[in-house]
Amino acid sequence: MERAVPYTVPLGQREVFQALQRLHMTIFSQSVSPCGKFLASGNNYGQIAIFSLSAALSSEAKEESKKPIVTFQAHDGPVYSMVSTDRHLFSAGDGEVKAWLWVEILKKGCKELWRRQPPYRTSLEVPEINALLLVPKENSLILAGGDCQLHTMDLETGTFTALRGHTDYIHCLALRERNPEVLSGGEDGAVRLWDLRMAKEVQTIEVYKHEECSRPHNGRWIGCLATDSDWMVCGGGPALTLWHLRSSTPTTIFPMWAPQKHVTFYQDLILSAGQGPCVNQWQLSGELKAQVPGSSPGLLSLSLNQQPAAPECKVLTAAGSSCRVDVFTNLGYRAFSLSF
Amino acid sequence: MSSESSKKRKPKVIRSDGAPAEGKRNRSDTEQEGKYYSEEAEVDLRDPGRDYELYKYTCQELQRLMAEIQDLKSRGGKDVAAEIEDRRIQSCVHFMTLKKLNRLAHIRLKKGRDQTHEAKQKVDAYHLQLQNLLYEVMHLQKEITKCLEFKSKHEEIDLVSLEEFYREAPPDISKADITKGDPHQQTLARLDWELEQRKRLAEKYRECLSNKEKILKEIEVKKEYLSSLQPRLNSIMQASLPVQEYLFMPYDQAHKQYETARHLPPPLYVLFVQATAYGQACAHMKSSQPPRQDKTLSVAIEGSVDEAKALFKPHEDSQDDESDSDAEEEQTTKRRRPTLGVQLDDKRKEMLKRHPLSLMLDLKCKDDSVLHLTFYYLMNLNIMTVKAKVTTTTELITPISAGDLLSPDSVLSCLYPGDHGKKTPNPANQYQFDKVGILTLRDYVLELGHPYLWVQKLGGLHFPKEHPQQTVIADHSLSASHMETTMKLLKTRVQSRLALHKQFASLEHGIIPVTSDCQYLFPAKVVSRLVKWVTIAHEDYMELPFTKDIVEAGLAGDTNLYYMALVERGTAKLQAAVVLNPGYSSIPPIFQLCLNWKGEKTNSNDDNIRAMESEVNVCYTELCGPRPGHQLLTNQLQRLCVLLDVYLETESHDDSVEGPKEFPQEKMCLRLFRGPSRMKPFKYNHPQGFFSHR
């Protein structure tokens, strides 16, 4: 009879606190190292953990190899966004962007290389940075978030230029590779297309105004964006919708009730995740191809490791409102979870 | 030429010798032997070199003669025959010579061999002799080393140093003139002196022994005298009692207590001594106040001393009896099954028997509430148990939900993490239980008291898991090292329980009793109201749909207390399942939320509900209030009400629905949403009174 109740180890004050912290952890951002073998993920306590994908995926992987090889306090507030270049890891959260050297991180010497703060107009509260976007052609980094502006930071000189237009804070950014144009989506419900060279807004799509995708009970906000040539997919409060950019018309509306927080093109599929434990796979025609369950109640970020340097680590990782990062070795099922 | 002639002569002689030998074969042997000798002797006389020359010469002659004969024969003719004959004769002579030479050669050879043999034998003999001698030498050397290594017994004797010897020994023993030059004599003398000295010491020893004997006798006499004094003193003591009472001098009482304490079993005795000492130490530290009044810790012994005495005397006998009867019983049980149950019952009772004496510890807290602890000792299990009771100065109105807070069963549960006091700490007990069919001690703790680990430690009992010992002995130092921490923990426990008790009384009536010094944590206007605060069972908690995470994280053990709170505002109902760890308030109560408003919202489908949980569970340190933070639960609940207000007021309004918002925004917020997960501004900024994001 006594065996039926799970045996619980007596916990002291510290252990209880740690357990509670883990329980209330949210992983906001992920980024794969330039070598493709490591995954950085940032949580709501401002910590960045580095996982070794190659160790966790190897045949002799143990429980320890699913734990971070190093964890360090990067920011005071949550780490909302991270991107990697071939040498650096940029992380951003509360107002600041910090640069770290991957080489140093992997040597476990975690000292920031530099930190920069774009000029903010408000002083009452430091606006957060929700999205980072690298524009390799221009050698610049775009920061967007709480102050409703896009800040383009020149990586060589460190100077900021601001793009103004949004009326509420910005959730997400996406890059059109061919002609350096940037898409941004925000709380105000608009997707705006910016020409970087001319530094001005060229197109606006107010998604919530289209009846077929508007969902007033969920709000107007655009939580995720992705582009592929002339196509754009966005979701959030309004339904997840595929748009043709030149004609500004919604092409496909994906039948997903829950608000989506991350979307990406993958081959001829669209992967999306949001409220609910599943990674959704869509055909472009709007058919739901598969729903693969993960271990978190809600997902906030997906990361496809497509680094050519490490073909054996080609995986999809998904993280959200738990301390676990789900790893999908193929798109069919969750292989295992990395854990803070 | 002369050699030539001698050669010629010799063969002649030989021939003359040989001819008769051949001619007269039947001559006597002696003559023949004599001739042999002569030939052997001849060998010595002749020179072998010359014999060789002679041999060569004879051979040449023979060749020549043969050639001539051949020559003559080929020529033919008559005269040839005679000449041939002549030559044949000459040849024959030469042949004789050859024969002689051959014999001589043989004799020489034999002689040579004999000589060699002889020489060889001689060499062998010498060799043997040499070896014998070598062996002898070795043996002698060994003997020598043995002699050199010989240790005399006197070397082990520790002698006085040389100077001392010459200084102290009488001259007739030391004999300086002889011994100074001769170490052997010197050693002998020193040994003599040693012997002398030892004899003297032996004498002294005997003297001392007799002295001791004498003193012992004296002591005996004095003892008798003293024991005769005891009854008299007793009577004086008895007579002085009224005086003592009159003057409030508790000497006799203390004395009596110590007298009784002698009959305590060792663990209780250790506890008694350590607790008394600790109590005195505490009283001394606050010496400014009158000592009697301030006694935070008082110790008393209860139970019948006579029974304890009776238990002590025939202890060994009774144990023997028991083991005998055990054996008998085992036999009888096999024969008569029906009595098995009754016998087992008796055996169980015997096993769980308490020592007739128990120890009462009264621990007084700051607010004059008292924790009464009664310690028992289970003799056969060698463990201690405790029963606890809390009394307060003012009568407590017991709220229904506070039922378990001060109950003797749970008030001290998990004083140290995991120490729930339901299992026996002595690993040996399990085997004893198996014998009499007790499954676990859990079923008996209500009656016996809880065998918490800290109780064993206070009694100096230690049961290491790694090295089970045969006998566990009560250890004073162990008890002393745990006394202070445990007493402090006990006090904190009682205070936190009383604080909770008080808070529960209000909570049950829907009032959140925020104290004035915690008011700054919350805005002045809080609309959400607590409407229900009830206790729920552990099983019910486990079955709630929204507490899965806590259960999986191992935070919902059965030693915790479980409650359900309901906070309401308008049509919105927020259920909060609360885990109250016995370690409150150092371990915070854990809240799990479920909001019923426009559907059911929990942490699995709403990030903001999750954030609200984290606000009360993780950021609890800012809600502790003034030390020691016993107001935490109240503050957490009030915070929950504030959070619900913020949640409801900042919920985005659905444009498509007609009519005004149910909850107009009254709180000042910098921004409504922030970050990718669209968090609401839950953080309250005190003096300015606005809400912002964490």
Side-chain angles (χ1 to χ4, degrees), chain A residues 2 5-13 15-17 19-26 28-29 44-45 77-78 80-81 93 122 124-125 127-128 130-131 145-146 168-169 171-172 187 214 216-221 223-224 236-237 258-259 261-262 275-277 296-298 300-301 320-322, chain B residues 414 416-420 439-440 442 538-539 542 549-560 581 583 586-588 590 598 602-607 610-611 613-615 617-621 651-657 670-679 681 688 690 692-694:
Chain A
E2 282 183 16
V5 181
Y7 177 71
T8 48
V9 187
L11 297 173
Q13 191 181 354
E15 288 90 345
V16 169
F17 185 68
L20 285 173
Q21 260 202 336
R22 278 168 56 84
L23 210 59
H24 291 98
M25 192 183 289
T26 304
F28 284 108
S29 51
N44 56 330
Y45 303 118
Y80 286 134
S81 184
T122 58
L124 201 56
E125 195 192 30
E128 80 280 12
N130 285 329
D168 207 335
Y169 79 92
H171 274 287
C172 49
E187 186 72 18
S214 139
H217 59 277
N218 279 345
R220 299 169 173 182
W221 54 279
C224 53
K261 301 278 175 70
H262 195 108
Q275 203 121 88
S296 312
L300 286 171
S301 75
S321 28
S322 76
Chain B
C414 295
Y416 290 91
D419 190 6
H420 47 65
L439 276 180
T440 138
R442 189 182 282 254
H538 177 222
E539 293 76 26
M542 305 278 274
D549 290 345
I550 296 292
V551 175
E552 275 170 12
L555 294 169
D558 57 354
T559 50
N560 299 328
N581 195 294
S586 62
I587 296 174
I590 301 168
K598 295 184 181 175
T602 63
N603 62 15
S604 62
N605 61 16
D606 193 324
D607 284 337
R610 198 158 178 265
E613 285 176 1
S614 120
E615 285 286 333
N617 291 342
V618 182
C619 308
Y620 70 93
T621 37
E651 194 59 32
S652 55
H653 187 59
D654 190 346
D655 299 328
S656 61
V657 181
L670 286 182
R671 275 169 61 187
L672 292 187
F673 297 103
R674 180 186 161 108
S677 47
R678 303 184 75 238
M679 284 299 138
Q688 299 90 353
F690 66 90
S692 66
H693 288 88
R694 190 169 287 282

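Per chain, numbering begins at 1; letters A, B, ... match sequence-line order. Just so we're clear, the structure is a prediction, and the values are computed from it rather than from any experiment.
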Checklist entry - Which atom names give the shortest non-hydrogen contact between B:Asp607 and A:Ser321, and what distance separates them? => result OD1-OG, 3.7 Å
Checklist entry - Under a 4.0 Å N-O cut-off, is there an ion pair linking B:Arg671 with A:Glu187? => result no
Next on the checklist: Tell me which of these, B:Arg694, B:His693, B:Arg678, has more heavy-atom pairs under 4.5 Å with chain A than the rest.
Outcome noted: B:Arg678
Item to check | Heavy-atom pair of closest approach, residues B:Ser692 and A:Glu125 | outcome: CB-OE2, 4.0 Å
Next on the checklist: How close do B:Gly675 and A:Tyr169 get, counting heavy atoms only, and between which atoms?
Outcome noted: O-OH, 2.9 Å
Checklist entry - Do A:Tyr80 and B:Arg674 have side-chain heavy atoms sitting under 4.5 Å apart? => result yes
Checklist outcome for this item: Applying a strict 4.5 Å limit to non-hydrogen atoms, the region of B:Ile590 in contact with chain A is side chain
Item to check | Contacting region of A:Thr26 [heavy-atom separation from chain B under 4.5 Å] | outcome: both
Item to check | Closest approach of B:Val618 to A:Phe17 (non-hydrogen atoms, all atoms of both residues) | outcome: O-CE1, 3.5 Å
Next on the checklist: I'd like to check B:Ser614 versus A:Asn44 (side-chain heavy atoms, cut-off strictly below 4.5 Å). Are they in contact?
Outcome noted: no
Item to check | B:Arg610 side chain to A:Met25 backbone, donor-acceptor under 3.5 Å | outcome: yes
Checklist outcome for this item: The reported gap from CZ in A:Arg22 to CG in B:Asp549 (rounded to nearest 0.5 angstrom) is 12.0 Å
Checklist outcome for this item: Closest non-hydrogen atoms of B:Asn617 and A:Leu20, given as atom of the first, atom of the second and distance, are O-CD1, 3.7 Å
Checklist entry - Checking A:Gln275 against chain B: side chain, backbone, both or neither under 4.5 Å from a heavy atom? => result side chain
Item to check | Point-to-point distance, once rounded to the nearest 0.5 Å, from OG of A:Ser322 to CG of B:Asn603 | outcome: 11.0 Å
Checklist entry - What part of B:Tyr620 gets closer than 4.5 Å to chain A, counting heavy atoms only: side chain, backbone, both or neither? => result side chain
